[in-house]
Every structure is written in C-alpha cells, then in structure tokens.
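Numbers here are sequence positions counted from 1.
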Amino acid sequence: MLQIEKKKCFIELGKFLSQFSLDNNKKNDSVLHNDLFFNDFVALIDLSQSHNGWFTPENVYFSINSWAEALTEENLDKWLAEYSFNCIQDDANGTKTVGLILAGNIPLVGFHDFLSVVISGHKVLVKTSSNDQKLLPFLANYLIAVNSEIENYITFTDGKMENFDAVIATGSNNTARYFEYYFKDKPSIIRKNRNSVAVLNGTETNEDLVNLGEDIFRYFGLGCRNVSKLFVPKDYNFEQFFNAIFEYKDVIYYEKYANNYDYNKAVFLMSNFKLLDNEFLTLKEDSSYASPISSVFYEYYENLEDIQNQLENDAEQIQCIVSKDLISNSIPFGKTQKPELWDYADNVDTIDFLLKI
C-alpha cells in the first residue's frame, strides 16, 4: 500500500472528525461512511466519561477537533516533506512491526505515534491503556472502511506484545525503567514524565493570562503539555493572574477534580505550606516541576538569563515552555494543547526514528 493511499485515509479521517463539536454534531454528506460511523461515534463520545471519569465531553471533543484540524492534506504534506521514505518498501526487508504502549491520561494521547508508524510504511502493534481503550480502535476501524488494505498495517492486542521489531512506550518514570530493561534489545523511544512551564514578567495582558488558563486547565492538567509551574519575577502580583483564570472556575464542579483539590489542599495545609488559593486552584512556591492536580507550583527569578539556563539544563524534564517571547523556543499562551504534526513529544523526531529502524 503506497504512502499516498495511507495519507488519503487519514485526510478522510480528518474530514470525518471535523463533523463533531461540543455545540453541534452536524453530518456532512460528502464524508465517507457516515452511515456506518457517525451515530456510533456520537454514542462513543457520550459514553467516554463512563469509561474514564476524566474524559468529559468537553475534553473529548477538544481532542477530536484538534485532530480534525491537524489531519489536512496541507498539514500532512508539510510534515512529511522533509523526509525520504525510499528506505521503507512494502516487503520483508523494509517494513517492520512497531509496538506502541500507550498512555491513557488524555483522550487519543497516542494517536500521533499511531499515525507516524502507519504513515511511515511500518506496521503498528498497539497496546492501549486501560484508561483509553475505545477511541483509537474506533478511528482505526474508520480508516479500514476507507481503504481495507490499511488493515494489514494495524493490530491491537490486549495481552503480551510479541513479534515486534521496535517499540515506542509511554509511561511514568517508574514504568520507564521497566520498559528500558524489558526492551533493551529493541530500538525504542521510551517516554517518561515531563511537565510544562510558563515564564511571566508581569507585562502579560488579561488575554494572555486567560490563554494561560487554557494551558493549565485543559484535560484537568493531566497532560505533559499542561503548565504545572510558573516562573515569576520577585514581588510579582498574582491578582491579575487569579482574575484572568476565574473564567475556568467551573472546573471545580467535576467531582474527580474537586476531590483532588480538597485532598491536595489539605495535605499542603497540614504541612504548614504557604498557599495562594482561589477555591479551585492552589499556588505553592516550590522548586519542583511536577505539581499535583488542582495545584500549580511557582518560583521567583531575578533575571531571565538564569531561567533560560535552568530550563536548558533541565530540558529532559520539560515538555513545553510558554512565554511572551521571554525564553527562546517558547510558544504562545494557549497553544500547549494544540501541537502541530511536526511538534514531537520530548523533542524526539518519531519519523526519523522510524526511518532508521
């Protein structure tokens, strides 16, 4: 199966996904196989929170909309243009089987790896997380309906992964040690815990800080691209920050988030930590990057050069840096959960890895 044929499948998938939004699911008669998939997908979205309490309709639709925007012919061509795929042929010597061990922290979190393996010409062997077992197999079935040949490249497994040539595994720092040992004889990408940070200087507009709230609260802060740490100048006034993020106050009405807020706040207070609190988010001064759900850490700085050096030294712990052009390679506020196809997790070029196995 030629890459151009696979690319067409994903473009059709993008068109299919573009029909769904939180406010209105609207059929487009030009989309393929709506008679088979449209209503079932709506039902699956409606049931997602029963499968995983964190997968609210708002967050599932956000993920779907993000992929609908990404899976266009223009984006796919721009992403793939810099690579040469001549080394992979559809024969025993070129095509390999790549095992994927997926996380389940946010909806469709492993889709980029799935897309990368299939579009590069390899076969994918997927072990989904118990927290996200429904969405990706559904989308795979849509791809197969578009072109049945693609089924030869996609396998899902519930048991032990066997008969694969390389692996991409995502988990915690603890599971990463297990993965590194278990897959030591295979080419691999092993992803560990990472966090994202924001660097502020006090000149941010209210719109900037509202957008920062999106980076903090989207997916309840469960993703590695969520901002969990703020760097602020000495004597920074948090009043404007708290006023801006008040827009996200309804997050406290989700039981799982509220339980985490109550628990983590109680732990902090019992430990006599000084907190800033607005009744749905706590801010704690802390040098760590990984804050618990419903809390963001902050740290004061004296000059930006020190922060630039610190973030460069700690690059293996950082996924995204958000700022108003204060730090090199930072991204704008509100963009952490809208990565492009060429924005690779952990800054590891997945396609380059796949072309070399």
Side-chain angles (χ1 to χ4, degrees), residues 21-23 44-66 102-110 129-135 170-172 193-198 209-230 238 241-271 273-286 288-298 319-320 322 333-339:
S21 67
L22 182 63
D23 298 326
L44 178 57
I45 295 168
D46 289 342
L47 287 171
S48 289
Q49 195 167 0
S50 68
H51 301 144
N52 182 332
W54 294 108
F55 284 16
T56 63
E58 291 86 349
N59 283 327
V60 174
Y61 277 114
F62 183 90
S63 177
I64 290 168
N65 297 158
S66 297
L102 304 183
N105 51 323
I106 65 176
L108 291 171
V109 67
S129 166
S130 60
N131 291 322
D132 189 9
Q133 293 183 317
K134 306 292 184 179
L135 291 169
T170 303
S172 66
N193 289 344
R194 289 204 180 210
N195 297 93
S196 297
V197 305
L209 296 176
V210 170
N211 289 334
L212 174 58
E214 172 71 16
D215 297 325
I216 293 170
F217 293 106
R218 175 59 59 189
Y219 303 126
F220 300 107
L222 289 166
C224 62
R225 299 182 68 89
N226 285 104
V227 168
S228 59
K229 173 76 174 280
L230 306 176
F238 283 97
F241 170 80
F242 275 125
N243 288 338
I245 67 166
F246 189 71
E247 183 171 318
Y248 302 90
K249 64 185 183 303
D250 287 351
V251 70
I252 199 64
Y253 297 123
Y254 290 101
E255 183 178 3
K256 291 175 74 69
Y257 182 92
N259 290 342
N260 277 270
Y261 170 81
D262 290 338
Y263 173 80
N264 290 316
K265 180 178 176 179
V267 170
F268 290 153
L269 292 175
M270 286 190 294
S271 301
F273 291 126
K274 180 182 177 182
L275 296 179
L276 300 174
D277 180 24
N278 68 351
E279 301 302 325
F280 63 90
L281 179 76
T282 57
L283 292 181
K284 174 179 177 287
E285 186 174 2
D286 198 300
S288 301
Y289 292 111
S291 62
I293 296 170
S294 77
S295 182
V296 168
F297 291 159
Y298 68 92
Q319 191 67 261
C320 303
V322 182
F333 298 107
K335 298 296 185 181
T336 62
Q337 297 298 345
K338 288 277 191 176

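- Here the shortest heavy-atom pairing between A103 and T170 reads CB-CG2, 4.0 Å.
- Looking only at distances, no side-chain donor or acceptor of N264 sits under 3.5 Å from a matching main-chain atom of P292.
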| Run the side chain to side chain contact (heavy atoms under 4.5 Å, CB included) check on H51 and L44 step by step: do they pass? | CA-CA 10 Å; H51 301 144; L44 178 57; 4.1 Å; yes
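- For N226 and Q319, the side-chain atoms include no donor-acceptor pair closer than 3.5 Å.
- Taking the six-membered ring where the residue is Trp, F238 and F242 present tilted rings, their angle falling between 30° and 60°.
- With S196 contributing its side chain and V227 its backbone, the two residues share no donor-acceptor pair below 3.5 Å.
- Using a distance-only test at 3.5 Å, with no hydrogens or angles considered, no donor-acceptor pair links the side chain of S63 to the main chain of V60.
- Of the possible polar contacts, one joining the N52 side chain to the N131 backbone as a donor-acceptor pair under 3.5 Å is found.
- The main-chain N or O of L108 is found under 3.5 Å from a side-chain atom of D132 such that the two form a donor-acceptor pair.
- Between F220 and Y257, the ring-plane angle classifies as tilted under the 30° and 60° cut-offs.
- Across all non-hydrogen atoms, the minimal contact from T336 to P339 is O-CD, 3.8 Å.
- Shown here for K229 and S288, the closest heavy-atom pair between the two residues is NZ-O, 3.2 Å.
- Judged purely by distance below 3.5 Å, without hydrogens or angles, the side chains of E58 and Y219 never pair a donor atom with an acceptor atom.
- Pairing each heavy atom of V109 with each of G104, the nearest pair is CG1-N, 4.2 Å.
- For F217 and F280, the distance between ring centers is under 6.0 angstrom.
- Residue pairs meeting the side chain to side chain donor-acceptor pair (under 3.5 Å) criterion with at least one partner in residues 244-253, sequence neighbours excluded, are absent.
- Between the side chain of N195 and the backbone N or O of S228, no donor-acceptor pair lies under 3.5 Å.
- Looking at S66, its side chain does come within 3.5 Å of a backbone N or O of F62 through a donor-acceptor pair.
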| Verdict with reasoning, Y289 to F297, per ring pair (Phe, Tyr, Trp, His ring centres under 6.0 Å) | CA-CA 7 Å; Y289 292 111; F297 291 159; 9.7 Å; no
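- Residues Y261 and E279 share a closest heavy-atom pair of OH-CA, 3.0 Å.
- G334 approaches D215 most closely through the heavy-atom pair N-OD2, 2.7 Å.
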